[in-house]
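Notes for the one structure printed next.
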Amino acid sequence: MKNAVGVLMWVILAVLALALAYILFLQVCNLLVNPKKEYDHCDKFYFRVLNSAAACSFVLGRLRIRLEGAEKVPWDQRFLLVSNHCSNFDPIITWYLLRKNNMAFVSKGENFKVPLFGGMIRKCGFLSIDREDPKESMRTLMKAADLMKRNEASVGIYPEGTRNRTPEKGLLPFHNGVFKIAQMAKAPIVVAALHGTDKIRKNYPWRRTKVSLEILEVIPAEEIAGRRTAEIGERVAGLLQEALKAEN
């Protein structure tokens, strides 16, 4: 019995040591990134590290994630991914499930200061946006389009602009200007609905949370060329509202 307890203690210590070593590794990777520099390409090494960290976060967060409608995704080309936004886990889940297409998100500046992750997302081509400054916002949208045109990454963005804390009341008003990214890049728009992410905080740590990313529709580049962004926004919002209504 004593031998069994001793072995168990050594196993626990070994697991803790590995976990601490991995966290130290992530922090070193993070510190090696220049926080004042904007990177215009997706670093393959950091992309792999980022996805490994994402996978670990799903285990720790007790999440079961799945991708629905994967056959609709245009894997052979770059696209603009738009979806609803209810949790801080949303971009992590999305970029992991769509990792075959190198997803880079347009995100608020605070996310680039998050410990362990902040520097890595910068190296993976993620872009910071300042919604209070229209000129800077447009500059970021142009850079996002350039990422796709240079075949560096597909781009993800949330038209709601921020996390929706009351999803039961419906979608927040859209910032339709984000659809200019697809128009400038002459790329399709992939409309997706995230299901279950608003329940993560409520369930953790006592219960697992089932989360899915449902691909609703792919709007070809030809259909959005020359159209008003408000018109595109109406179509996207309609698709999302219908999918989220079915969930409730």
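Computed from a predicted structure; not experimentally measured.
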- Salt-bridge test for K113 and E110: reply yes if a basic N is under 4.0 Å from a carboxylate O, no otherwise. no

- Query: With the 4.5 Å side-chain cut-off for hydrophobic clustering, are I232 and L172 part of the same group?
  - Reply: no

- Message: Test your reading of the model: is there a side-chain donor-acceptor pair from Y46 to the backbone of C29, 3.5 Å cut-off?
- Response: yes

- Donor-acceptor contact present, side-chain N164 to main-chain G170, <3.5 Å: yes

- Calculate, to the nearest 0.5 Å, the distance between atoms CD and CE belonging to Q27 and M120 respectively. 9.0 Å

- Message: Is there a continuous path of hydrophobic side-chain contacts, each under 4.5 Å between heavy atoms, that joins L239 to I181?
- Response: yes

- Task: Check R99 against Y96 and note the closest heavy-atom contact, atom names and distance.
- Result: NH1-O, 2.6 Å

- Rounded to the nearest 0.5 Å, the CG atom of L240 sits from the CD atom of E217 at a distance of 10.5 Å

- Query: Donor-acceptor pair, W95 side chain versus N51 backbone, under 3.5 Å?
  - Reply: no

- Message: Please find the pair of heavy atoms, one from A185 and one from A145, that lie closest to each other, and give the distance.
- Response: CB-O, 3.7 Å

- Minimum-distance pair of heavy atoms, taken over all atoms of P91 and S87: CD-O, 4.1 Å

- Got a sec: does the CZ of R150 have more than 12 other heavy atoms crowding it under 6.0 Å? yes

- Query: What pair of heavy atoms forms the shortest contact from C86 to T197, and how long is it?
  - Reply: CB-OG1, 3.9 Å

- Query: Is there a side-chain contact between V114 and I121, using heavy atoms and a 4.5 Å cut-off?
  - Reply: no

- May I ask you to test the R131-T162 pair for a side-chain heavy-atom distance under 4.5 Å? no

- Message: For the backbone of A53 and the side chain of Y22, can you confirm whether one donor and one acceptor N or O come within less than 3.5 Å of each other?
- Response: yes

- Message: Show the nearest heavy-atom pair for residues W75 and A70, with the distance to one decimal.
- Response: NE1-O, 3.2 Å

- Message: Return the CD1 to OG1 distance between I65 and T209, rounded to the nearest 0.5 Å.
- Response: 12.0 Å

- Applying side chain to side chain contact (heavy atoms under 4.5 Å, CB included), run through V236 and F179 and close with a yes or a no. CA-CA 10 Å; V236 171; F179 300 113; 3.9 Å; yes

- Item | Transitive ILVMFWY side-chain link I200 to W206, under 4.5 Å | no

- Rounded to the nearest 0.5 Å, how far apart are CZ of R66 and CG of L213? 11.0 Å

- Check whether more than 12 heavy atoms from other residues, nucleotides or ligands sit under 6.0 Å from atom NZ of K180, and answer yes or no. no

- Under 4.5 Å between side-chain heavy atoms, hopping through other hydrophobics if needed: is there a path connecting L97 to V211? yes

- With the side chain counted from C-beta on, respond yes when V190 and P74 share a heavy-atom pair under 4.5 Å apart, and no when they do not. yes

- For R78 and N101, test the side chains for any donor-to-acceptor distance below 3.5 angstrom and give the result as yes or no. yes

- Using a 4.5 Å cut-off on heavy atoms from C-beta on, say whether the side chain of V218 contacts that of V73. no

- Mind checking whether F47 and N102 have side chains closer than 4.5 Å, heavy atoms only? yes

- Query: Tell me, do N111 and F126 make a side-chain contact under 4.5 Å, heavy atoms counted?
  - Reply: no

- Message: Counting C-beta onward and ignoring hydrogens, is there a side-chain heavy-atom pair between P35 and F112 closer than 4.5 Å?
- Response: no

- Query: Between L194 and L63, is there a shared hydrophobic cluster once you connect ILVMFWY residues whose side-chain heavy atoms come closer than 4.5 Å?
  - Reply: yes

- Message: Run L147 and L127 through side chain to side chain contact (heavy atoms under 4.5 Å, CB included) and show every step you take.
- Response: CA-CA 10 Å; L147 273 178; L127 298 167; 4.1 Å; yes

- Would you indicate whether R62, at its atom CZ, is surrounded by more than 12 heavy atoms from other residues, nucleotides or ligands within a distance under 6.0 Å? yes

- Roughly how far apart are F117 CZ and L26 CG, rounded to 0.5 Å? 7.0 Å

- Query: Can you find a pair of side-chain heavy atoms, one from K143 and one from D40, that are under 4.5 Å apart?
  - Reply: no

- Residues A192 and I215: closest non-hydrogen pair is CB-CD1, 3.9 Å

- Query: Within a reach of under 6.0 Å around NZ of K149, are more than 12 heavy atoms found that belong to other residues, nucleotides or ligands?
  - Reply: yes

- Message: Test your reading of the model: is there a side-chain donor-acceptor pair from E160 to the backbone of H85, 3.5 Å cut-off?
- Response: yes

- L60 backbone acceptor or donor facing Y204 side chain under 3.5 Å: yes

- Please work out which of the three classes, parallel, tilted or perpendicular, describes the rings of F25 and F45, given edges at 30° and 60°. perpendicular

- Can you establish whether the number of heavy atoms outside R201 located under 6.0 Å from its atom CZ is more than 12? no

- Sidechain-backbone polar pair: S137 side chain, D130 backbone, donor-acceptor under 3.5 Å: yes

- Query: Counting N and O atoms only, with roles assigned by atom type, does the side chain of E152 sit under 3.5 Å from a partner on the main chain of C42, one being a donor and the other an acceptor?
  - Reply: yes

- Task: Report yes or no: does T140 contribute a side-chain atom to a donor-acceptor pair with the main-chain N or O of S128 at less than 3.5 Å?
- Result: yes

- Could you give me the CA-CA distance, side-chain angles and deciding distance for R235 and V191, then say whether side chain to side chain contact (heavy atoms under 4.5 Å, CB included) is met? CA-CA 10 Å; R235 180 172 176 180; V191 185; over 6 Å; no

- Message: Is it the case that atom CD in E71 sees more than 12 heavy atoms from other parts of the structure closer than 6.0 Å?
- Response: yes

- Message: Under a 3.5 Å distance rule, please check whether S212 uses its side chain to pair with a backbone N or O of E214 as donor and acceptor.
- Response: no

- Message: Walk me through whether I93 and F58 qualify under side chain to side chain contact (heavy atoms under 4.5 Å, CB included).
- Response: CA-CA 8 Å; I93 292 165; F58 302 147; 3.7 Å; yes

- Please round to the nearest 0.5 Å and tell me the distance separating atom CZ of F79 and atom CG of L98. 5.0 Å

